[in-house]
> 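Take this structure first; my questions come after.
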Protein chains: 2
Amino acid sequence: MATRAEVAKLAGVSASTVSYALSGDRSIKEETRKRVLKAVAQLNYRPHFAAGALAGGKSKTLALLSPSGEFGIALIALEYINGASAAARDRGYHLVIWPSQESEMSEIQTFAESGMISGVILMEIKFKDDRVDYLKKAKVPFAMIGRTENPGKDSYVDRDFIAATQLGIDYLHTLGHKKIAFLTTDRAIGVDTRFSSALLEAAKKKKMTANKLQVVNEASSGRDAFIELHKKYSDVTAVVSLNDIATLGFISGANEYGVNIPKDLSLIALDTPKNHIEMSWPPLTTVNLPAYEMGRAASNILIDQIEGKENKQNQELHAGDLVIRGTTAKVRPQAKGN
Amino acid sequence: MATRAEVAKLAGVSASTVSYALSGDRSIKEETRKRVLKAVAQLNYRPHFAAGALAGGKSKTLALLSPSGEFGIALIALEYINGASAAARDRGYHLVIWPSQESEMSEIQTFAESGMISGVILMEIKFKDDRVDYLKKAKVPFAMIGRTENPGKDSYVDRDFIAATQLGIDYLHTLGHKKIAFLTTDRAIGVDTRFSSALLEAAKKKKMTANKLQVVNEASSGRDAFIELHKKYSDVTAVVSLNDIATLGFISGANEYGVNIPKDLSLIALDTPKNHIEMSWPPLTTVNLPAYEMGRAASNILIDQIEGKENKQNQELHAGDLVIRGTTAKVRPQAKGN
DNA sequence: AGTTTTTGTCGACACGCGTCGACAAGTAGT
DNA sequence: ACTACTTGTCGACGCGTGTCGACAAAAACT
């Protein structure tokens, strides 16, 4: 492994000149810089990361705290990770996945102080989130994917629930649907609450009725929801799902009962990771969840913050786009609900 | 952040004594060690990772190279990551997810040489894998999840295809099935090849016929496979799936055609990550893929290697267990294939 | 022409730790 | 009682950087 000293010798300059030529923190004559860069290339030199971290106090490493639920990292986390990781790499950082056991926040703090990590990305944010409070107190830079009830000036990237919901509702409206139902859980994460109220609002605007079907995050629950719908709300012509797992069970239920999607019933999913879309048949019409982009944004926002670009925008909302696939169709003229 | 010097002062010993008390690399009087440990606890001291890496040349960081496919990290990778990450943490290491762009192996080498990473975990191993050749030449310690055609003495953790297949086939045999079919892709990864031949072998032993249904890694392809089965092999009473995504489409197809699983047709999946199991209805009978354990094992094997425990076992096969859920049943007496 | 500012470079130092050699004190073997 | 080894501790050094202060040379002002 080539060191800075070797580069300096080859380029005929001092060691510090090499550093400055690379970092740009002091002005260097163009010709000298070129000589240095040539030597760097020739020796395939790359600064020793630990030495840099030691001397500069910067590790250029981000930790993505993944709440270790039952199955460890959640499925959707995958796309966030991919995006965050890619953006971090683009800016010379690394991303460590940190399956954080429960409330081991003090550990995070220690690692932040020991220079191991420069900042933290948080997922699955609750309305009230202890982790957020902790990190703020500990002065560890962080960015959220999701947001607390009152995020204030904290950095976050989140779904634009209102815009996403409107895209879906407006499309159903275009297709002629007037009586709809929606699948939602009532987890304390806040996503559901925000989604549900945005949906009711959007439906109201279009003068559509919207019945709520309560589900939990399981396929079987989606199937139960279909059965409930089938019995109680037979005039409903379209369903909006706010839970990805339940969606799949819901489709199974429809299949089982001989209800054809999309001919008899339209279905649109608003909270479905890419991986699930390709798993269903027919392919789901969705307002897609731009998780990759959100992950990217989270990294960028966090890095801006770490590097002291406080002036930059540090809160983002992503709506996603309507992607029409195979589960939506025009309402049938003879349907009761028309 | 407390430093070694502060601990030393508090404990009334020299700095190096603190190091030795913690590492155990030299004998320290029991009483002294206790005093040191007390001071460590009191100050909440943790060695500065970069300093350690600089001085000792050990970063205690593992990189998990995830082939960035179309969707980045693959779904199953999730469980591997969780397992590998947990095991690494247990042994004081960290796991960096490295979405490796194509053949940027030289980058890996550079980072390994620069002390950034101590070893590499590889996934989605092909029969002939350039990355493996590269790492061997570059002398970067690595462990595979999966294995090349001729792994020799290279470290790996892989599925025990023979045992896993036998568990499934034997169970179907117990249920009275004699004519089966199986879903497989023919990707070059080697998994499919090994699985297919193990299955044919196991079926032969039990004197069962086994028709192959070729699929690709898509839900719609699984649906097509069902239709093919329905038309061509109507006497088949059970299906073994070797591809998780196709499985879900297969079930949709059965629903669509009014074929009841498990009453009319049994289905058992051998290569399905946990996340997919909870997504299907009825819940899948599987020989589960112990991905979490495999991830753990990969980390442990790699760390053993890094730490020079060459004598330890560095190749493992995991079969998984038969988990009976809702997609298998006794063959129906009146079925043609009986 | 003299003074101040900017540009370009260098040497020195600190970051916090692992580890080597030295050495005093104790133990074991003759 | 002398040597030989072991135990327990310490001080010193080096790992490869980032960065600060110094300073000569050049440029920009009076």
Side-chain angles (χ1 to χ4, degrees), chain A residues 1-37 39-40 43-61 92 110-116 118 306-308, chain B residues 1-37 39-40 43-61 92 110-116 118 306-308:
Chain A
M1 194 60 195
T3 69
R4 185 179 65 167
E6 298 177 74
V7 174
K9 194 192 285 178
L10 182 59
V13 296
S14 79
S16 57
T17 299
V18 173
S19 281
Y20 289 123
L22 291 175
S23 71
D25 287 351
R26 281 196 185 177
S27 54
I28 295 288
K29 208 198 285 178
E30 191 50 34
E31 183 226 318
T32 311
R33 152 174 281 122
K34 277 198 180 138
R35 230 173 39 237
V36 170
L37 291 181
V40 165
L43 296 174
N44 190 25
Y45 165 78
R46 190 171 312 225
H48 191 288
F49 97 105
L54 221 208
K58 308 166 195 166
S59 70
K60 297 218 167 196
T61 300
T110 316
F111 276 100
E113 284 174 352
S114 86
M116 166 90 224
S118 314
I306 290 169
E307 295 182 347
Chain B
M1 194 59 195
T3 70
R4 185 179 64 166
E6 299 177 73
V7 173
K9 194 193 287 178
L10 182 59
V13 296
S14 79
S16 59
T17 299
V18 173
S19 282
Y20 288 124
L22 291 175
S23 73
D25 287 350
R26 281 198 186 173
S27 53
I28 296 288
K29 207 197 288 177
E30 190 51 32
E31 182 225 320
T32 311
R33 151 176 282 122
K34 279 201 178 134
R35 228 168 47 234
V36 170
L37 292 181
V40 164
L43 297 173
N44 191 24
Y45 165 78
R46 189 172 312 227
H48 191 288
F49 95 105
L54 224 207
K58 306 166 195 165
S59 69
K60 296 218 164 195
T61 299
T110 315
F111 276 99
E113 284 175 351
S114 86
M116 166 88 223
S118 317
I306 289 169
E307 296 183 346

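Sequence lines set the chain letters: A, B, ... in the order given, protein chains first and strands last, and positions in each chain run from 1.
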> Could you give the side-chain donor-acceptor pairs of residues 9-17 of chain A under 3.5 Å, partners two or more places apart or in another chain?
residue: A/Ser14; atom: OG; partner: A/Ser16; partner atom: OG; Å: 3.2
residue: A/Ser14; atom: OG; partner: A/Thr17; partner atom: N; Å: 3.4
residue: A/Ser14; atom: OG; partner: A/Thr17; partner atom: OG1; Å: 3.1

> I want to check something: taking the side chain as every heavy atom from C-beta on, are B/Glu6 and B/Thr3 in contact at a cut-off of under 4.5 Å?
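SC-SC contact between B/Glu6 and B/Thr3 confirmed.
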> Can you confirm whether A/Tyr45 sits close enough to A/Leu22 that some side-chain heavy atom of one is under 4.5 Å from a side-chain heavy atom of the other?
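Touching, per the 4.5 Å side-chain cut-off.
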> Let me confirm one number: the OG1-CE distance from B/Thr61 to A/Met116, rounded to the nearest 0.5 Å.
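Answer rounded to 0.5 Å: 4.5 Å.
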> Taking only residues two or more places apart in sequence or in another chain, which ones pass side-chain hydrogen bond (donor to acceptor under 3.5 Å, both in side chains) with A/Arg4?
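Applying side-chain hydrogen bond (donor to acceptor under 3.5 Å, both in side chains) to A/Arg4 gives A/Ser19.
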> Rounded to whole angstroms, how far apart are CD on A/Glu31 and P on C/dG8?
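Atom-to-atom, A/Glu31 to C/dG8, this comes out as 11 Å.
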> What's touching nucleotides 9-13 of chain D from the protein side, N or O pairs under 3.5 Å?
residue: D/dT9; atom: OP1; partner: B/Thr32; partner atom: OG1; Å: 2.4
residue: D/dT9; atom: OP2; partner: B/Lys29; partner atom: N; Å: 2.8
residue: D/dT9; atom: OP2; partner: B/Thr32; partner atom: OG1; Å: 3.4
residue: D/dT9; atom: O4; partner: B/Arg26; partner atom: NH1; Å: 2.8
residue: D/dC10; atom: OP2; partner: B/Ser14; partner atom: N; Å: 2.8
residue: D/dC10; atom: OP2; partner: B/Ser14; partner atom: OG; Å: 3.3
residue: D/dC10; atom: OP2; partner: B/Thr17; partner atom: OG1; Å: 2.5
residue: D/dC10; atom: N4; partner: B/Arg26; partner atom: NH1; Å: 3.3
residue: D/dG11; atom: O6; partner: B/Ser16; partner atom: OG; Å: 3.2

> Rounded to the Å, how far apart are A/Asp25 CG and C/dG8 C1'?
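In whole Å, C/dG8 C1' lies 15 Å from A/Asp25 CG.
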> Base, sugar-phosphate, or nothing for B/Phe49, non-hydrogen atoms under 4.0 angstrom?
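No contact at all - B/Phe49 keeps every heavy atom at 4.0 Å or more from the nucleic acid.
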> So, using salt bridge (Lys or Arg N to Asp or Glu O under 4.0 Å) as the criterion, who are the partners of A/Arg35 when residues are at least two apart?
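If we apply the salt bridge (Lys or Arg N to Asp or Glu O under 4.0 Å) test to A/Arg35, skipping adjacent residues, the hits are A/Glu31.
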> In whole angstroms, how far is the P atom of D/dT17 from the NE2 atom of A/His48?
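That distance rounds to 8 Å.
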> With B/Asp25, which residues qualify under side-chain contact (heavy atoms from CB on, under 4.5 Å), at least two apart?
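Applying side-chain contact (heavy atoms from CB on, under 4.5 Å) to B/Asp25 gives B/Tyr20, B/Ser23.
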> What is the distance, to the nearest angstrom, from the CE atom on A/Met116 to the C1' atom on C/dG16?
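Checked: the CE to C1' distance equals 16 Å.
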> What is the bend of the helix from C/dA1-D/dT30 to C/dT30-D/dA1 when you compare the axis at one end with the axis at the other, using five pairs each and rounding to 10°?
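About 30°, once rounded to a multiple of 10°.
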> Of the non-hydrogen atoms in B/Val40 and B/Val7, which two are nearest, and what is the gap between them?
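Scanning both residues completely, I find the closest heavy atoms to be CG2-CG1, 3.9 Å.
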> Give the rounded distance in Å between these two atoms: CG of A/Leu54 and C1' of C/dA14.
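After rounding, the gap between these two atoms is 9 Å.
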> What is the distance from CZ of A/Arg46 to P of D/dT17, rounded to the nearest Å?
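After rounding, the reported distance stands at 12 Å.
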